[in-house]
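Working notes, beginning with the structure itself.
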Amino acid sequence: VQLVESGGGLVQAGNSLGLSCVVSGRPFNVYAMAWFRQAPGKEREFVATITWSDEYSYYGDSVKGRFTISRDNARNTVYLQMNNLKPEARAVYYCASANLASAKFWFDEYASRRVYGKWGQGTQVTVSS
């Protein structure tokens, strides 16, 4: 599985931005997808996750109500719609995947980096105040 993010850029605070992550390789082995972000000098932070079946999705507390994760199986793509962006959202955003073998751990550890075995290269999001 390979993951390629796109859609990052510069946006003013209060505005919206959408990210995409294309999954190639063996997407049938994917159980769940997630978005994490890493701001300069900080730990990588969980943002949102969704099962490939679209049955479950969860969000980090700092983005609940403003960010939406979705997926399009026909396009093998996962999206992150970010609304009402705040300056503290400035970070590199990473797409990650958890395979079927990780499914039994995912419900308890979906916010943990160790559940996700594949990562994209990241896309920069900058929010100006």
Side-chain angles (χ1 to χ4, degrees):
V1 170
Q2 292 80 43
L3 311 177
V4 178
E5 304 97 333
S6 63
L10 174 64
V11 63
Q12 282 191 323
N15 285 354
S16 300
L17 192 66
L19 304 181
S20 300
C21 173
V22 177
V23 183
S24 61
R26 302 178 65 186
F28 59 85
N29 194 36
V30 172
Y31 178 75
M33 299 292 299
W35 288 96
F36 284 73
R37 66 186 180 187
Q38 189 164 17
K42 294 190 177 182
E43 295 284 324
R44 195 167 295 190
E45 174 192 21
F46 169 73
V47 174
T49 187
I50 188 168
T51 51
W52 201 249
S53 66
D54 201 19
E55 187 173 4
Y56 301 100
S57 60
Y58 301 102
Y59 296 88
D61 289 341
S62 62
V63 305
K64 281 180 183 177
R66 298 184 299 113
F67 289 17
T68 302
I69 189 171
S70 62
R71 97 284 174 266
D72 183 337
N73 285 0
R75 297 177 183 269
N76 288 339
T77 302
V78 177
Y79 304 97
L80 184 69
Q81 178 64 35
M82 305 182 290
N83 296 331
N84 189 20
L85 280 161
K86 302 178 180 180
E88 52 263 39
R90 175 193 175 214
V92 177
Y93 283 71
Y94 296 91
C95 176
S97 68
N99 61 22
L100 294 175
S102 301
K104 57 186 174 182
F105 306 110
W106 182 82
F107 281 96
D108 291 330
E109 300 185 43
Y110 60 79
S112 171
R113 292 172 56 182
R114 59 177 175 264
V115 174
Y116 303 94
K118 296 290 185 180
W119 294 81
Q121 81 288 350
T123 186
Q124 176 71 50
V125 172
T126 301
V127 183
S128 63
S129 56

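Residue numbers count from 1 along this sequence.
- Once rounded to the nearest 0.5 Å, the distance linking OH of Y58 with NZ of K64 reads 10.5 Å.
- Side-chain N or O atoms of E45 include none that pairs as donor or acceptor with a backbone N or O of Q38 at under 3.5 Å.
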>> Between V23 and V1, does the side-chain contact (heavy atoms from CB on, under 4.5 Å) criterion hold? Intermediate values first, please.
In response: CA-CA 7 Å; V23 183; V1 170; 3.7 Å; yes
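- The shortest side-chain heavy-atom distance between N99 and V30 does not fall under the 4.5 Å cut-off.
- Across all non-hydrogen atoms, the minimal contact from S57 to Y59 is OG-CE1, 4.2 Å.
- Considering all non-hydrogen atoms of both residues, A89 and V127 come closest at CB-CG2, 4.1 Å.
- Closest non-hydrogen pair, A39 versus A91, comes out as N-CB, 3.7 Å.
- Side-chain N or O atoms of E5 include one that pairs as donor or acceptor with a backbone N or O of G122 at under 3.5 Å.
- Between Y94 and L3 there is no side-chain heavy-atom pair separated by less than 4.5 Å.
- Between the side chains of Y116 and W106, at least one donor-acceptor pair of N or O atoms lies under 3.5 Å.
- Using a 4.5 Å cut-off on side-chain heavy atoms (C-beta onward), L19 and M82 make contact.
- Side-chain contact between L100 and W52: absent, with no pair of heavy atoms (C-beta onward) separated by less than 4.5 Å.
- Between F67 and W35, every side-chain heavy-atom pair lies at or beyond the 4.5 Å cut-off.
- Put simply, OG on S16 and CG on N83 are 3.5 Å apart, with the number rounded to the nearest 0.5 Å.
- Side chains of I69 and Y79 form no contact here, defined as non-hydrogen atoms less than 4.5 Å apart.
- To the nearest 0.5 angstrom, R71 atom CZ is 14.5 Å from S20 atom OG.
- Side-chain contact of R90 with S129: a donor-acceptor pair under 3.5 Å is absent, judged by distance alone.
- Side-chain heavy atoms closer than 4.5 Å link hydrophobic residues (I, L, V, M, F, W, Y) into clusters, and following such links, even through other members, never connects V4 to V92.
- In plain terms, the two heavy atoms of A32 and T49 that are nearest each other are CB-OG1, 4.3 Å.
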>> Let's go through Y110 and F46 carefully: what are the C-alpha distance in whole Å and the side-chain angles of both, what is the deciding distance for ring-ring contact (aromatic ring centres under 6.0 Å, His included) to 0.1 Å, and is it a yes or a no?
In response: CA-CA 9 Å; Y110 60 79; F46 169 73; 5.6 Å; yes
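- Taking CD of Q81 as the reference point, atom OG of S70 lies at 8.5 Å (rounded to 0.5 Å).
- A 4.5 Å side-chain heavy-atom check between S24 and N76 finds every atom pair outside the cut-off.
- The distance from atom CG of N29 to atom NZ of K118, rounded to the nearest 0.5 Å, is 10.0 Å.
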>> Apply side chain to side chain donor-acceptor pair (under 3.5 Å) to residues D72 and T77 and explain how you reach the verdict.
In response: CA-CA 5 Å; D72 183 337; T77 302; over 6 Å; no
> When you look at T123 and R37, which way does the side chain to side chain donor-acceptor pair (under 3.5 Å) test go after all the steps?
Replying inline: CA-CA 9 Å; T123 186; R37 66 186 180 187; over 6 Å; no
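- V78 and L17 end up in the same hydrophobic cluster when Ile, Leu, Val, Met, Phe, Trp and Tyr side chains are linked at under 4.5 Å.
- Y31 contributes atom OH, which lies 10.5 Å from atom OG of S102 (distance to the nearest 0.5 angstrom).
- When atom types are taken as modelled, the side chain of S97 and the backbone of M33 share no donor-acceptor pair closer than 3.5 angstrom.
- V11 places none of its side-chain heavy atoms less than 4.5 Å from the side chain of T126.
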